[in-house]
Asks: 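Sharing a structure with you now.
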Amino acid sequence: MSGARKRQSVLEGIRAALGAGGSDKTRKETVRKRLKSPRANLVPERASKDRAGRLELFTGMLEGQGAKVSHAKGPGDVPEIVAAYLRDNNLPTDFRTGSDDLLAAIPWDKTPSLTRHRGRGKAGDGVTMSRARAAAAETGTLFLTSGGENPTTLNFLPDTHMVLIRADDILGSYEDAWNVLREVYGQRTLPRTVNLISGPSRTADINQTIVMGAHGPRRLHVIVVG
Amino acid sequence: MKPASRAFKTNATRALENEPLQRALRGIKYGFVANRAKARASLPEFDRLRDEARAIKEHTLAHLDLYLEEYESKVIEAGGQVHWAASADDAREAILKICRDAGARSVTKGKSMVGEEIAINEHLEAAGIKAIETDLGEYLIQIRGEPPSHIIAPAIHLTMDQVEADFRNIHKNLPPERILDEPGQLVAEARAVLRDGFLAADVGITGANLLIAETGSSVIVTNEGNGDLTQCLPRVHIVIASIEKAVPTLEDANTILRILARSATGQECSTYTTYSTGPKRPGDPDGPEEFHVVLLDNGRTEMLGGAFHDMLRCIRCGACMNHCPVYGAVGGHAYGWVYPGPMGAVLTPSLIGIDEAGHLPNASTFCGRCEAVCPMRIPLPKLMRHWRMREYEKGNTPARYRWGLKLWAFAARRPWLYHALTGLGASLLARFGKRRGRIRSLPMAGGWTRHRDLPAPQGKTFQQLWRAQEKAS
Ligand code: SF4
């Protein structure tokens with residue numbers, strides 16, 4: 001059977017099972033409406049906190065998953081926080097980022113011990129840094145989007161992943177975060193990859209014991225700016 | 001994988017005598033079961049979310065053709081290709097062709113139950129393409145040549161000693177004197193070995209937990225990040241997904257994700273949830289150049305609108321098996337195919353036929369815990385009963401059972417006879433177990449008493465006690 005015939009036969013099978021004709025107008029209209037203006041379903045109460053409450057929930061959730069969360073008053077404080085974190089954990093002081101504006105606006109040269117490389121993630125990268133577009137405090141989840149600003153490989157190849165997020169971008173629910181992405185990318189459109197990240201990589205496949213750093217980063221350091 | 005479900009009884013007996021397996025299975029209670037209970041308690045909306053998730057899936061299934069068409073058109077718009085597969089054969093053929101066209105020599109795989117269902121690894125290996133499982137649990141069973149024993153924790157049956165022995169056996173180029181006596185050391189070794197596999201792979205294959213019609217995105221959830229390295233490094237990414245994975249919108253996906261991890265591992269959410277939409281875009285420094293989705297039917301359409309329709313809501317969380325006393329006693333391998341536990345007992349006969357899998361719907365005590373915890377509110381015991389009825393109607397039930405049932409029915413329709421017989425039975429059993437209050441073995445019921453004791457009845461039936469009470473008052 002050709003590809004088109006297989007497609008036809010699966011779809012016809014479904015229509016026959018549902019007792020629906022292909023030209024059924026009401027069904028089509030229902031689907032069109034639901035996709036055109038997506039509506040939120042039940043959103044957990046815990047997602048509707050004020051700014052301070054969101055920040056607290058976000059931090060608590062991430063730390064509960066084994067991530068480290070730091071707070072910077074402004075972009076100027078970031079290099080020192082990064083340098084201290086790397087020093088405390090005996091990590092290399094060079095790291096890789098994409099071309100993100102927020103990352104570029106950080107006065108890295110204030111702290112000469114740090115060296116910033118640019119580009120996509122490489123095998124053997126020790127430390128990388130990305131910027132999250134949004135976060136949902138609900139579960140302590142960062143939303144990272146693919147592209148030259150923040151290449152996806154930076155999220156998964158290194159041993160230590162650092163993520164910068166503006167405090168204002170920490171929202172309550174997943175619904176809030178998707179609405180931000182809809183504003184940036186348009187209706188019914190997403191970037192190639194959206195990574196929701198809620199902690200360092202982990203596995204419990206051996207002995208039902210949790211071990212950090214299965215395939216992705218062993219450490220996740222989140223820096224909230226503002 | 002060739003089904004071995006016919007041998008359920010022998011498999012189960014062997015499993016009950018397998019001490020390491022029994023130890024591993026006991027761990028489920030303190031891990032998955034306790035953690036799910038905690039996660040549920042800390043989200044007051046949990047049960048209402050279950051109702052909504054169920055409604056979302058029912059709505060999607062009622063419009064499945066249309067949502068799949070929408071999903072397909074968004075994938076194509078994003079530069080991807082969709083391949084429809086009516087059968088496992090179609091899917092294998094499509095995947096092999098994509099791999100051949102890409103000149104692939106090695107393929108990395110994220111965990112995919114549909115991949116297990118169509119036995120894609122064997123198919124690729126037979127064509128000379130190396131398939132590497134990258135989920136740690138899947139890797140552990142792949143090197144042993146075993147099927148998964150749990151849908152979210154495929155190697156749950158293995159002990160650490162077994163893993164250590166396998167690693168020493170397979171990772172021959174590493175120093176034999178290395179120390180491997182903690183889970184962390186074993187994980188680190190697997191990480192290093194598999195990293196090379198990720199970097200060398202030409203094609204990455206992942207499954208999908210959800211297909212979003214709104215955006216043409218497929219979603220995977222992992223804790224390890226293996227699914228991401230599988231899809232962001234190779235030149236070609238193939239998603240293999242069955243048709244019932246569709247949902248309308250991102251919001252609908254949110255609802256299902258809110259109950260998925262909580263029901264599965266008891267986490268608030270999985271560490272990584274990844275939405276993939278088409279191949280690399282202009283200006284993207286990384287990501288696959290080709291993006292394919294293989295949409296598999298393989299018997300789902302036949303379930304749609306029929307007696308087993310409800311099963312199409314399953315989101316493969318594994319809660320039903322974690323809470324199942326039968327699964328907890330015999331583990332996943334006894335079920336003999338890809339899907340174990342209560343969900344497998346319903347799904348396997350639908351996918352490979354009741355002749356092959358007729359024992360599975362009988363592997364239940366009908367305690368109802370599976371239905372009570374199923375996030376999608378699937379009436380699993382009812383569906384198992386449907387299979388039992390079909391089997392009975394087809395005459396597949398052994399003569400001994402049929403006669404037994406007929407005798408029982410004869411008595412049950414005659415209350416005086418039924419009461420007399422149960423009264424006799426209760427007093428006999430009471431005498432039998434008088435000394436300990438428990439019965440260790442019973443003639444003709446050795447299969448039952450070998451692995452558990454029967455509490456001895458107190459000598460009177462409920463009906464007799466009731467009557468005595470009535471008289472007294
Ligand atoms: S049947 Fe329900 S509990 Fe079992 S895996 Fe499917 S969704 Fe989870």
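Treat the numbers as computed from the prediction; the structure is a model and nothing was measured. Letters go in sequence order (proteins before strands), and every chain restarts at 1.
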Asks: Checking A:R39 against chain B: side chain, backbone, both or neither under 4.5 Å from a heavy atom?
Replies: backbone
Asks: Relative to chain B, which of A:A16, A:S9, A:P200, A:A204 shows the most heavy atom pairs under 4.5 Å?
Replies: A:P200
Asks: Quick check for you: among A:T209, A:L11, A:I210, A:D205, which has the greatest number of heavy-atom pairs under 4.5 Å with chain B?
Replies: A:D205
Asks: Is the B:F32 ring parallel, tilted or perpendicular to the B:H150 ring (thresholds 30°, 60°)?
Replies: tilted
Asks: In terms of heavy-atom pairs under 4.5 Å with chain B, which of A:V31, A:T203, A:T193 leads?
Replies: A:V31
Asks: For chain B, find which of A:V211, A:T139, A:N41 contributes the most heavy-atom pairs closer than 4.5 angstrom.
Replies: A:N41
Asks: Measuring heavy-atom distances to chain B, does A:N150 have an atom under 4.5 Å in its side chain, in its backbone, in both, or in neither?
Replies: neither
Asks: Just so I understand: if I count every heavy-atom pair under 4.5 Å between each of A:L220, A:L42, A:V43, A:N195 and chain B, which residue has the most?
Replies: A:L42
Asks: Can you classify the ring geometry of B:H63 versus B:Y67 as parallel (below 30°), tilted (30 to 60°) or perpendicular (above 60°)?
Replies: perpendicular
Asks: Between B:E70 and A:R34, is there a side-chain N and carboxylate O pair less than 4.0 Å apart?
Replies: no
Asks: Got a second to check how far B:L296's CG is from B:W84's CH2, nearest 0.5 Å?
Replies: 11.5 Å
Asks: If you measure from the Lys or Arg side-chain nitrogens to the Asp or Glu carboxylate oxygens, is any gap between A:R15 and B:E69 under 4.0 Å?
Replies: yes
Asks: Name the member of A:A17, A:S201, A:G19, A:G216 that forms the most heavy-atom pairs with chain B at distances under 4.5 Å.
Replies: A:S201
Asks: Tell me the closest heavy-atom pair linking A:A123 and B:L199, and the distance in Å.
Replies: CB-CD1, 3.5 Å
